[in-house]
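Notes for the one structure printed next.
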Amino acid sequence: MPLAASAIYFLNLRGDVLINRLYRDDVGGNMVDAFRMHIMQTKELGTCPVRQIGGCSFFYMRISNVYIVIVVSRNANVACAFKFVVEAVALFKSYFGGAFDEDAIRNNFVLIYELLDEIMDFGYPQNLSPEILKLYITQEGVRSPFSSKPADKPVPNATLQVTGAVGWRREGLVYKKNEVFLDIVESVNLLMSSKGSVLRCDVTGKILMKCFLSGMPDLKLGLNDKIGLEKESQIKSRPTKSGKTIELDDVTFHQCVNLTRFNSEKTVSFVPPDGEFELMK
C-alpha cells in the first residue's frame, strides 16, 4: 500500500524536536520519546533506517544535522517514505537558498508548517514540485548567508499549473534561441569468478536532457527498431537475424512522458520541463 504517515518529526542530533506534524490520530504525541529511548540512546542510528517499536514503524534519515522521522502505524511502502523525505528536503532547500540544517528550520517555522500541510494530506504524499508550490506559496524563506543561489521569481497562472495536465512546465516561456541538449550515460557492470566465467553482466543507462524551448513543445524521441519491451515468448517466436535484440528492463520515465504512446508506438513522446532533467533510465 502507499505511504500513510501518522506523523513526521524533525529532530536535532541531541533528540530535541525542532518541528513536528501529526497527520492521523492513531499515534500519540509521545512517539518521539520511543525513538529517542530505543534508537538514539542505544546508538543504533547507523544500523537500519527502519525500526518497529510498539506496533509502530519508524522510518528515519539524517540530513546534515537533522533527523527526519516518519511514524506509521500500519504496513506502508518504505521506498515511498524515503522518496518523500528526499523530495521534501529538495523542496525545503529551494525555499531556504540551498541550505537545510537546524538553523534553517528554526528560522523558517511558519513556512515549513505551511509546506507540510501542502505536501502531505492525511498522511498521503501530494505535490512536492518546487516549481508548482512556489506559484501559490510565495512566502520567501530566511536564506542562508552562505547561499549564493538567487531567489526564484514567482510566476502567474497558479491554478493552471496545479490542476492542469502539464504541471511540470509553466506557460509563457520565450527564448530567443530554441535549444535541446541530450546526453546518454551508460555504465557496464560485470561480475566474474576466479576462473574467468561471467557470473552476471548488465548495462545501466540514463538519458539526460536540457531544454530551452519556447511555448509548450511536444517532442518525440525515436528508439532503435530493435529496442523494445517484449515478452520472452514473443522473442522466441520471432527470432531476429542477428540475434542481438536489445531488451529494456526496469525502465523508469520522467512524469512528462506519454506512457500510452510509448507502449503502442515505441516512441518517447513528452512535453519537456524547462531546464535540465532526467528523461528515462
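Fair warning: this is a prediction, and the values are worked out from it, not measured in the lab.
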Please tell me if the side chains of [X] and [Y] come closer than 4.5 Å, counting only heavy atoms from C-beta onward.
X	Y	answer
Ser269	Asp218	yes
Lys220	Arg261	yes
Phe82	Pro49	yes
Val268	Leu279	yes
Leu18	Val66	yes
Leu190	Val198	yes
Phe100	Asn65	no
Val251	Met280	yes

Step-by-step ring pair (Phe, Tyr, Trp, His ring centres under 6.0 Å) determination, Phe262 to Phe253:
CA-CA 10 Å; Phe262 175 77; Phe253 292 101; 4.8 Å; yes

Count the heavy atoms of every other residue, nucleotide or ligand shown that sit under 6.0 Å from CG of Asp25, and state whether that count exceeds 12.
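Incorrect, the count does not exceed 12.
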
Salt bridge (Lys or Arg N to Asp or Glu O under 4.0 Å) involving [X] - partner list, sequence neighbours excluded:
X	answer
Arg24	none
Arg62	none
Asp16	Arg14
Glu114	none

Measure the spacing between [atom1] of [X] and [atom2] of [Y] and express it to the nearest 0.5 Å.
X	Y	atom1	atom2	result
Ile112	Ile105	CD1	CD1	5.0 Å
Phe270	Asn258	CZ	CG	11.5 Å
Ile8	Tyr60	CD1	OH	15.5 Å
Met209	Glu276	CE	CD	11.0 Å
Leu111	Asn107	CG	CG	11.5 Å
Asp121	Asn127	CG	CG	12.5 Å

Is Leu213 reachable from Leu208 through a run of hydrophobic residues whose side-chain heavy atoms are each under 4.5 Å from the next?
no

Closest non-hydrogen atom pair between [X] and [Y], with its separation:
X	Y	result
Ala81	Ile70	O-CD1, 3.9 Å
Leu91	Pro130	CD1-CA, 3.7 Å
Asn20	Tyr9	CB-CD2, 3.3 Å
Val78	Val50	CG1-CG2, 3.7 Å
Ile119	Ala88	CD1-CB, 4.1 Å
Tyr23	Leu116	OH-O, 2.9 Å

Taking Ser94's backbone N and O only, do any of them form a donor-acceptor pair with Lys134's side chain (distance below 3.5 Å, no angle check)?
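Yes; at least one donor-acceptor contact below 3.5 Å.
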
Is there a donor-acceptor pair closer than 3.5 Å between any side-chain N or O of Asn12 and the backbone N or O of Gly15?
yes

Donor-acceptor contacts, no H, no angles, side chain residues 176-186, under 3.5 Å, sequence neighbours left out:
| residue | atom | partner | partner atom | Å |
| --- | --- | --- | --- | --- |
| Asn178 | OD1 | Ser214 | N | 3.1 |
| Asn178 | OD1 | Ser214 | OG | 3.2 |

Side chain to side chain donor-acceptor pair (under 3.5 Å) with Ser193: which residues, sequence neighbours excluded?
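For Ser193 the side chain to side chain donor-acceptor pair (under 3.5 Å) partners, ignoring immediate neighbours, are Ser197.
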
Which residues pass the side chain to side chain donor-acceptor pair (under 3.5 Å) test with Asn189, not counting sequence neighbours?
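For Asn189 the side chain to side chain donor-acceptor pair (under 3.5 Å) partners, ignoring immediate neighbours, are Asp202.
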
Results of side-chain contact (heavy atoms from CB on, under 4.5 Å) for [X] - residues two or more places apart only:
X	answer
Gln52	Ser57
Lys281	Lys206, Thr252, Glu278
Ser64	Asp101
Pro273	Trp168, His254, Cys256, Phe277

Listed partners of Phe212 passing ring-ring contact (aromatic ring centres under 6.0 Å, His included), at least two apart:
Tyr175

In terms of relative ring orientation, are Phe92 and Phe96 parallel, tilted or perpendicular, with 30° and 60° separating the classes?
parallel

